[in-house]
Trainee: 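I'd like to ask some things about the structure below.
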Amino acid sequence: MRSSTQYSPENTIHPFSVSLRKFYSMEHSLSEQEQIRRDSLQELVNLGINPYPPETFAVTVTAKEIKQNFPDDNTLYQDISIAGRIMSRRIMGAASFAEIQDETGRIQIYVKRDEICPDDDKTLYNIVFKRHLDIGDIIGITGYVFITKMGEITIHVTSLKLLCKSLKPLPIVKEKEDTLFDAFTDPEQRFRQRYVDLIVNPHVREVFVKRTQLINSMRNFLNAKRYLEVETPVLQPLYGGAAARPFTTHHNTLDMILYLRIANELYLKRLIVGGYPGVYEFSKDFRNEGMDRYHNPEFTQMELYVAYKDYLWMMDLVEEMVEQIALDLHGKTAIRVGDHLIDFKRPWKRFTMYEVIQHYTGVDISGMNEEGLRKTAKELNVPVDQTMAKGKIIDELFGEKCEPNLIQPTFIMDYPIEMSPLAKKHRTEDGLVERFELICNGNELCNAFSELNDPIDQRERFEAQSELSKRGDTESMVLDEDFLKALEFGMPPTAGMGIGIDRLTMIMTNQSSIQEVLFFPQMRPDKRST
RNA sequence: CUCUCCGUAGCUCAGCUGGCAGAGCAGCUGACUCUUAAUCAGCGGGUCCAAGGUUCGAAUCCUUGCGGGGAGACCA
């Protein structure tokens, strides 16, 4: 709760003068343009105008609605109220055109001196509008819509009110015939000052709207199937559910190390043990590893676990869900991504791991032992080292020789047991597990198994991971005694999967970098003077 | 972590083999009552990322550091 002292009498007389003094104490660090805006702010205050008024401004319509619906006979929108940020101004003496931008886009406004100043006092137009308002200021206007001689739908302003004075100059992006001039494109500035990026780059705003629509679409799909959305711990005493290095933190009261989760798999499976038939979670996960255009230290996954199902069933569900998302976002299943047209129309191609490696390398590795695989990898110029066991080498072969070629959505099934310690042994193929990944545009999007529910087998798999760890693998999984205890109470046969929300968003919005689908991607602190 | 490119006005960018720091837009002053990259006349605006070095002289050459992009390595 705020202190009541700010409502003392001297403050209520000039509610904004206190903060103004603070601004002026910073004068030495201001650019010329910033100083001019602060001077304008002071002039507005001197005229009795509050540059940051508290009361509601009633908006009746958006820019987009007007542009879509304004009729030829000029009968609609004759008494409207709209608010937005001034994005451009063209002043011609006693009349001006400007553009304001609301959350739906831009619309031109026409401000005529004698219209907003019907009496002798022309201060509002000559001083306030022309002299002390700037690009970037937020205003509310009332007026009526008409079409100019040049054919542009425009709001004829009858009254104008300042809603927020902007003190920093925006990048001015101009456009003519679909060509942008002085576009604000420097990635560093765009990501560090995402608010500026969002103001001046409307296509960026659209990407994030699509991201939320994607999540809504996925959630609606899962809720319609009556799965329960749940929340599980981010801070975990043991990290598990994936092969990755964690972030470490410390809890003071418990005086213990805690890890930020790398996956939520083991907790969600405990809930299946507890009796829920289907649970899912959208989860921020954290992995203390490299950063590049596909990896941010924190990222979002959706994991889903459904009892009494297997991985074949889950493959059908993933197809159905992603196809539905494409339809919800684009109204069609075929989407342009970079140079490719990717079609999510069901059914998708399905290959086993051995099939796809044979297809792209010509080598059948299905019967090979570790030495044979290492020899094959060397022959194919795939780098391997002594810490890699059989499963890891196969994974390398696949990642190097196959994955980049898989552009259309493709399921790769039946992985070597060594690289899948949480997946159930294959029902017919020795040495394999019931696992699939969805590959799309050359990248992994989704990972799923028939979940291992044999507690004795699971313990042996964890122990095998410990062996890998001794061999030098820093990402091997740690044994989770409580998870094993849960399995010993009995988990029904379960299908589980995780899907990368950031990567799916990249594909669905045709972005080539994960930073473009995260509002605030991780960056080093900016040590330059600001 | 390695290689490579980049960092100059609020924004986008020039600045050559070292010789007075530039343009367009934005801003300021003025003109203009249907403009739209508005137009016309005039004006101001810089820690050239930082530190050090070479030199009579460094935005420019060298070294180191900081920040970013791209390509690798690792991972999802």
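Each chain gets a letter, A, B and so on, in the order the sequences are listed, and its residues count up from 1. In this text, all values refer to a predicted model and were calculated from it rather than measured experimentally.
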Trainee: Partner lookup for B:rA38, please. Criteria are Watson-Crick or G-U wobble with both distances under 3.5 angstrom; report none if nothing qualifies.
Mentor: none
Trainee: How long is the line joining CD of A:Q108 and P of B:rU33, in whole Å?
Mentor: 17 Å
Trainee: Compare the minimum distances between each of B:rC28, B:rG10, B:rG67 and the side chain of A:I36, then state the nucleotide with the smallest one.
Mentor: B:rC28
Trainee: Remember a base hit wins even if backbone is also touched, and classify A:E298 as base, sugar-phosphate or nothing at under 4.0 Å, heavy atoms.
Mentor: nothing
Trainee: With a 3.5 angstrom cut-off on both distances, give the Watson-Crick or G-U wobble partner of B:rU4, or none if there isn't one.
Mentor: B:rG69
Trainee: Using a cut-off of 4.0 Å on non-hydrogen atoms, how would the nucleic acid contact of A:F181 be classed: base, sugar-phosphate, or nothing?
Mentor: base
Trainee: Using a cut-off of less than 4.0 Å, is there contact between a side-chain N or O of A:R190 and OP1 or OP2 of B:rG69?
Mentor: no
Trainee: The side chain of A:E152 is closest to which nucleotide in this list: B:rU36, B:rU33, B:rA76?
Mentor: B:rU36
Trainee: Can you tell me which nucleotide in B:rG30, B:rC11, B:rA37 comes closest to the side chain of A:K176?
Mentor: B:rA37
Trainee: How long is the gap from CG on A:L373 to CD1 on A:I394, to the nearest 0.5 Å?
Mentor: 5.0 Å
Trainee: Where along nucleotides 39-44 of chain B does protein come under 4.0 Å, by heavy atom, of base (B) or sugar-phosphate alone (S), with - for untouched nucleotides?
Mentor: -----B
Trainee: May I ask which nucleotide in the shown strands pairs with B:rG46, Watson-Crick or G-U wobble, both distances under 3.5 Å?
Mentor: none
Trainee: Which nucleotide, B:rC28, B:rU36, B:rA76, lies nearest any side-chain atom of A:R503?
Mentor: B:rA76
Trainee: Taking any strand in view, what nucleotide pairs with B:rG19 in a Watson-Crick or G-U wobble way, both distances under 3.5 Å?
Mentor: B:rC56
Trainee: Rounded to the nearest Å, what distance is computed from the CG atom of residue A:N201 to the C1' atom of nucleotide B:rU12?
Mentor: 13 Å
Trainee: Could you check whether A:N447 and A:R435, counting side-chain N and O atoms only, form a donor-acceptor pair closer than 3.5 Å?
Mentor: yes
Trainee: Given atom CG of A:D178 and atom P of B:rU36, what is their separation to the nearest angstrom?
Mentor: 18 Å
Trainee: Quantified in whole Å, what is the C1' atom distance between nucleotide B:rG44 and nucleotide B:rA21?
Mentor: 15 Å
Trainee: Determine: side-chain N/O of A:R192 to OP1/OP2 of B:rG68, distance under 4.0 Å, yes or no.
Mentor: yes
Trainee: Between CG of A:N264 and CD of A:E303, what distance do you get to the nearest 0.5 Å?
Mentor: 4.0 Å
Trainee: For B:rG24 and B:rC5, measure between their P atoms and round to the nearest Å.
Mentor: 32 Å
Trainee: Give none if B:rC74 has no partner; otherwise give the nucleotide forming a Watson-Crick or G-U wobble pair with it, both distances under 3.5 Å.
Mentor: none
Trainee: State the CE-CD distance between A:M291 and A:Q522, to the nearest 0.5 angstrom.
Mentor: 6.0 Å
Trainee: The side chain of A:E400 lies closest to which of these nucleotides: B:rG27, B:rU35, B:rA73?
Mentor: B:rA73
Trainee: Round to a whole Å and report the spacing from CG of A:D134 to C1' of B:rC28.
Mentor: 11 Å
Trainee: NA contact type, A:N443, heavy-atom cut-off 4.0 Å: base, sugar-phosphate, or nothing?
Mentor: nothing
Trainee: When you get a sec, tell me which of B:rU36, B:rA76, B:rG67 is the closest nucleotide to the side chain of A:E289?
Mentor: B:rA76
Trainee: With the side chain of A:D292 defined as its heavy atoms from C-beta on, choose the nearest nucleotide among B:rG69, B:rC74, B:rU35.
Mentor: B:rC74
Trainee: Find the distance A:M291:CE to B:rG68:C1' and express it as a whole number of Å.
Mentor: 11 Å
Trainee: B:rU35, B:rU33, B:rU12: which one has an atom nearest the side-chain heavy atoms of A:D186?
Mentor: B:rU12
Trainee: If you assign each of A:S513 and A:E396 to its closest nucleotide in RNA chain B, which residue comes earlier from the 5' end?
Mentor: A:S513
Trainee: Please report the interatomic distance OG(A:S159) to CD(A:E115), rounded to the nearest 0.5 Å.
Mentor: 10.5 Å
Trainee: Need one value for A:A243: base, sugar-phosphate or nothing, where a base atom within 4.0 Å counts as base even if backbone is also close, heavy atoms only.
Mentor: sugar-phosphate
Trainee: Side-chain N or O of A:R293 versus OP1/OP2 of B:rA71: is the shortest distance under 4.0 Å?
Mentor: yes
Trainee: At under 4.0 Å between heavy atoms, what does A:F286 touch on the DNA or RNA strands: base, sugar-phosphate, or nothing?
Mentor: nothing
Trainee: Out of B:rU29, B:rC32, B:rG68, which nucleotide sits closest to the side chain of A:M523?
Mentor: B:rG68
Trainee: NA contact type, A:R106, heavy-atom cut-off 4.0 Å: base, sugar-phosphate, or nothing?
Mentor: nothing
Trainee: A:R85 side chain to A:S166 main-chain N or O, any donor-acceptor pair under 3.5 Å?
Mentor: no
Trainee: Please determine, for the side chain of A:R131, which listed nucleotide (B:rU33, B:rU29, B:rA76) has the closest atom?
Mentor: B:rU29
Trainee: Measuring from atom CD1 of A:I135 to atom CG of A:L170, what distance do you get when rounded to the nearest 0.5 angstrom?
Mentor: 8.0 Å
Trainee: Once you measure the plane-to-plane angle for A:F483 and A:F462, does it fall in the parallel (<30°), tilted (30-60°) or perpendicular (>60°) bin?
Mentor: perpendicular
Trainee: A:F299 on top of B:rA76's base, within under 5.5 Å and under 30°?
Mentor: yes
Trainee: So what's B:rC11 paired with, Watson-Crick or G-U wobble, going by both distances under 3.5 Å?
Mentor: B:rG24
Trainee: Base, sugar-phosphate, or nothing for A:Q301, non-hydrogen atoms under 4.0 angstrom?
Mentor: nothing
Trainee: Quick one: CG on A:L41 to OH on A:Y52, what's the gap to the nearest 0.5 Å?
Mentor: 5.0 Å
Trainee: What class does the angle between the rings of A:F247 and A:F286 fall in, given that below 30° is parallel, 30 to 60° is tilted and above 60° is perpendicular?
Mentor: perpendicular
Trainee: Roughly, in whole Å, what's the span from CG in A:L133 to C1' in B:rC28?
Mentor: 16 Å
Trainee: Between B:rA26 and B:rC20, how many Å separate the two P atoms, rounded to a whole number?
Mentor: 30 Å
Trainee: Let me know the distance between CD of A:E188 and C1' of B:rU12, rounded to the nearest Å.
Mentor: 16 Å
Trainee: Which is true for A:E444 with a 4.0 Å heavy-atom rule: it touches a base, it touches only sugar-phosphate, or it touches nothing?
Mentor: sugar-phosphate
Trainee: Is the cationic atom of A:R503 (NZ for Lys, CZ for Arg) positioned less than 6.0 Å from the six-membered ring centroid of A:F299 and within 45 degrees of its normal?
Mentor: no
Trainee: Looking at every strand, decide which applies to A:N288 at a 4.0 Å heavy-atom threshold: base, sugar-phosphate, or nothing.
Mentor: nothing
Trainee: Would one find a side-chain N or O of A:R90 under 4.0 angstrom from OP1 or OP2 of B:rA38?
Mentor: yes
Trainee: Would you confirm whether A:R205, through its side chain, and A:L198, through its main-chain N or O, come within 3.5 Å as a donor-acceptor pair?
Mentor: yes
Trainee: Classify the side chain of A:D182 versus the base of B:rG24 as yes if they form a donor-acceptor pair under 3.5 Å and no if they do not.
Mentor: yes
Trainee: Quick one: label A:D114 by what it contacts on the DNA or RNA (base, sugar-phosphate, nothing), any heavy atom closer than 4.0 Å.
Mentor: base
Trainee: Are any of A:Q35's side-chain N or O atoms less than 4.0 Å away from OP1 or OP2 of B:rC28?
Mentor: no
